[in-house]
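To keep things clear, I will list the structure first and then write my remarks on it.
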Amino acid sequence: MLMSVRMAPPLPLIFLLVIHRAYSEKEHVDYIHPRICALKDSSVIMNCSFTYPTGLQITKVFWTKTQVRNADNEFPDLSEDPEYSQRLQYLGDKQQNCTIRLSHVTQKDSHMYCFRFITDKPGVKWLGKPGVTLTVTDLQVESPERVTEGHNVSLTCKSSCALTDRATFIWYRNSQPLTERRDRNNQLLLQSVRREDAGRYSCALQGHTYISPAAQLNVTYAPKSVSVSISPSGEIVEGDSVTLICSSDSNPPALNFSWFKENQSSSVGSGQSFSALQSGRFYCEAHNQHGSQRSDAVTVTVKGRLVIIPISIVCGACGAAVFIITMLILWIKKRNGSQNAQMNHGQHKGCDVEMTDSVYENVADAQRCTKTCKPELNSSVYENIPKKKKK
C-alpha cells in the first residue's frame with residue numbers, strides 16, 4: 001500500500017509569500033461621482049474613498065489638479081493655493097475617507113481634481129487617476145423674443161450640463177417670484193398669454209443663491225383703452241380751432257388712426273390728431289397689425305361769436321342818430337307848415353293884404369275881411385282904430 005505524503009513548504013517561502021501579498025495589494029481611490037455639474041456660486045461635495053497596502057502609514061493626504069505641477073515637478077496641494085485655501089474643506093481622514101467640499105465655485109473651477117496620498121515609505125505615493133471632472137455652469141432663460149396675446153408660450157431654464165443637484169426650479173418675473181406653480185421640470189408654461197405677462201424672466205434653483213440673467217418676454221396685442229382728449233378744453237366759439245387727440249394702449253404702438261362723426265359711415269379725418277370745425281359727436285379708431293378698437297364719442301360744441309362794440313362808438317352813433325331824427329322831424333314840420341300856409345294863401349288871397357294906411361280908409365272893408373278870413377279878429381279889435389279924418 002502506497003502512501004503519498006505532501007510535504008509542507010519551507011517556512012522562509014511562506015514568509016516571503018505573505019510579505020509579497022501585503023505589498024502587492026493595489027492602492028485604489030474610488031470616486032462616487034466622477035463627473036459633477038455644479039451651479040455657479042454653489043458648494044460642491046466630492047465624495048471619495050481610498051485603500052492602500054497594509055504595513056504602510058499615510059503621512060499626507062490632499063487634493064490636486066492634474067493639469068499643473070510645481071517647481072519640484074510635484075502636484076500642488078490645493079489647500080495651500082490662495083485661490084482655494086478659503087473655499088476648500090477636507091472632510092475625510094487618513095484611513096479611508098477622502099471627501100472634500102469646494103464652496104462658491106465659478107467657471108474657473110472647471111477642472112479635473114484628484115486625491116493623492118503619501119506614505120512613510122520613501123517613494124511610495126499615490127495619485128488617484130482619473131479623478132473627478134467638475135464642470136461649473138450658469139443658468140440661461142431661453143424664451144421667444146415676442147408672443148401674441150392669447151397664445152401659449154414655454155420658457156426654458158437651461159444650463160451647459162445636466163446639473164447633478166436635482167433641486168426644484170424657481171421662476172421670477174421682474175425680480176419677483178412667481179407665486180403660481182406653472183413649471184414643468186426646467187420649463188415655465190404660460191397659457192393664453194396676457195399683456196400683464198410681459199416682463200423680464202429669470203430662473204434659479206431652490207436652495208441656491210444664484211439667479212440667472214433675465215430674458216425679456218414681449219407680448220404684442222391689439223389697441224386697448226382707446227380714448228379721445230380735447231384741446232383746448234372748455235367752451236369753443238366759432239372761428240377758434242379745437243384739436244381732438246386719440247390715444248391707446250397697444251403693442252406695437254398704433255400708427256394708424258381714423259376719425260368719425262356719429263351717424264356718418266365714412267371717416268372725416270385721419271392721424272392721431274384731428275381739428276373739429278363744427279359741433280357734433282366724434283370718435284376715433286386706433287389700428288395696428290393685431291387689430292383695432294374705437295373710442296367713446298366726445299361732444300364738440302361750437303358757439304357763435306359775440307360781437308362787442310366799444311361804448312364810445314355806441315355813444316357817438318346814438319348822438320348822431322338823435323340829431324338826424326330831430327332834424328328830420330323839424331324838416332317834416334316845416335314842410336307841413338309851408339304846405340298849409342300855401343293852401344291858406346290860395347283860399348284867402350283877397351284877404352292877405354298888407355295893412356297900410358290905405359287899407360284903413362275903409363274900416364268897413366277891414367271888418368268885412370276880418371269876419372270872412374280871420375274870425376278871431378272880431379270887430380272889437382277895430383274899435384280902437386282911429387278913423388282917418390276927412391279933408
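Quick caveat, the model's predicted, so the values are computed rather than measured.
Residues N218 and E145 have side chains not in contact (no heavy-atom distance under 4.5 Å, counting atoms from C-beta outward). No side-chain heavy atom of V193 sits under 4.5 Å from any side-chain heavy atom of T148. The closest side-chain heavy-atom distance from L139 to L39 is below 4.5 Å. Side-chain atoms of I245 and V228, non-hydrogen and from C-beta on, never get closer than 4.5 Å to each other. The shortest side-chain heavy-atom distance between H287 and S258 falls under the 4.5 Å cut-off. No side-chain heavy atom of D30 sits under 4.5 Å from any side-chain heavy atom of F50. Two residues are said to be in side-chain contact when any heavy atoms from C-beta on lie closer than 4.5 Å; L102 and L134 meet this criterion. Considering only heavy atoms from C-beta on, I100 comes within 4.5 Å of L88 through its side chain.
For the disulfide (SG to SG under 2.5 Å) condition, the pairs that include at least one residue of residues 246-286, sequence neighbours left out, are C246-C284. For residues 268-280, every residue pair satisfying the side chain to side chain donor-acceptor pair (under 3.5 Å) rule, not counting sequence neighbours, is listed here: K261-Q278.
Classified by interplanar angle (parallel below 30°, tilted 30° to 60°, perpendicular above 60°), the ring pair Y90/F115 is parallel. A perpendicular orientation is assigned to the rings of H111 and Y113, their planes being inclined by more than 60° (bins at 30° and 60°).
For the pair K224 and E149, the salt-bridge criterion is met [side-chain N within less than 4.0 Å of a carboxylate O]. Under a 4.0 Å N-O distance rule, the pair R116/D77 does not qualify as a salt bridge. Using a cutoff of 4.0 Å between basic side-chain nitrogens and carboxylate oxygens, E83 and K65 are not scored as salt-bridged.
Distance CG/L155 to CD/E142: 9.0 Å, rounded to 0.5 Å. Atom-to-atom distance recorded for Q86:CD and S79:OG is 11.5 Å, nearest 0.5 angstrom. Annotation: the span from K125 atom NZ to F75 atom CZ amounts to 10.0 Å, rounded to 0.5 Å. The line from CZ of F117 to CZ of F62 is 11.0 Å long, rounded to the nearest 0.5 Å. Interatomic distance, N251 CG to H290 NE2, rounded to the nearest 0.5 Å: 7.0 Å. Atom CD of Q140 is separated from atom OG of S160 by 9.5 Å, given to the nearest 0.5 angstrom.
Less than 6.0 angstrom separates the ring centroid of W63 from the ring centroid of Y31.
With sequence neighbours excluded, no residue forms a salt bridge (Lys or Arg N to Asp or Glu O under 4.0 Å) with D81. Considering only residues two or more places apart in sequence or on other chains, T299 meets the side-chain contact (heavy atoms from CB on, under 4.5 Å) condition with R281, T301. Listed by chain and number, the residues in a salt bridge (Lys or Arg N to Asp or Glu O under 4.0 Å) with E196 amount to none (sequence neighbours excluded). For F260, the ring pair (Phe, Tyr, Trp, His ring centres under 6.0 Å) partners two or more places apart in sequence, or in a different chain, are Y283.
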Would you please test E285 and R294 for salt bridge (Lys or Arg N to Asp or Glu O under 4.0 Å) and show each step?
CA-CA 4 Å; E285 281 188 359; R294 58 172 286 182; 5.5 Å; no

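A cation-pi arrangement, defined by a distance under 6.0 Å to the six-membered ring centre and an angle within 45 degrees of its axis, is present between R195 and Y221.
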